[in-house]
Amino acid sequence: MLPDLVWWASDGEEHGSSEAGDNPAECLPIRVFDWGRPLDRAEPFIASLGSDPAAVRWDLDAWPEVPEAGLDAIPQKYAYLTLTVNSRDLYQHEPSPDHTVHVHARDRNGDQLARVHWLAAQVGGRFTGRVELAPL
């Protein structure tokens, strides 16, 4: 599914890793930190997980200014999305039969909830979750 993937056992590299040539299926759960995969690989990867939890993060160039919603541009450092698969939270501690999209944006003045509502509306959805401080 993802050739040349760099991974390590969640319990630490001494319990298995791609560098050691271990079989990832024998070292579950594993952690992966990977860059630059084509976007079209995301859906097959997520489908291959079945009911197992995982998280996929997309770093963006920036959050754009949206004048009609009163939103200023946000620099790249604070612009990313995380999809948690079969989980409600970023760290897969809250199992779920579906997926959750986490919108990461700097929120100095509490004004970024409007961005979440705006983003949800762009895809015909609505915000149904909670606002959290996430140290990622």
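With hydrogens and angles disregarded, a donor-acceptor distance shorter than 3.5 Å links the side chain of Asp22 to the backbone of Ser17.
Under a cut-off of 6.0 angstrom, the local environment of CD in Glu68 is crowded, with over 12 non-hydrogen atoms contributed by other residues, nucleotides or ligands.
Taking the side chain as every heavy atom from C-beta outward, Thr128 and Arg126 approach each other to under 4.5 Å. Leu90 places a side-chain heavy atom less than 4.5 Å from the side chain of His104. You'll find the side chain of Gln92 stays beyond 4.5 Å of the side chain of Val85, heavy atoms only. Between Arg115 and Ile74, the closest side-chain pair of non-hydrogen atoms falls below 4.5 Å. Side-chain contact between Leu119 and Phe127: absent, with no pair of heavy atoms (C-beta onward) separated by less than 4.5 Å.
The two residues Trp63 and Leu81 have their closest heavy-atom pair at CH2-CD2, 3.7 Å. Shortest non-hydrogen contact noted between Arg31 and Ser10 is CG-OG, 3.5 Å. Minimum interatomic distance between Asn86 and Ser51 (heavy atoms only, all atoms of both residues): ND2-C, 3.2 Å. Taking every heavy atom of both residues into account, Trp118 and Ala69 meet most closely at CD1-CB, 4.1 Å. Shortest non-hydrogen contact noted between Ser18 and Val6 is OG-CA, 3.4 Å.
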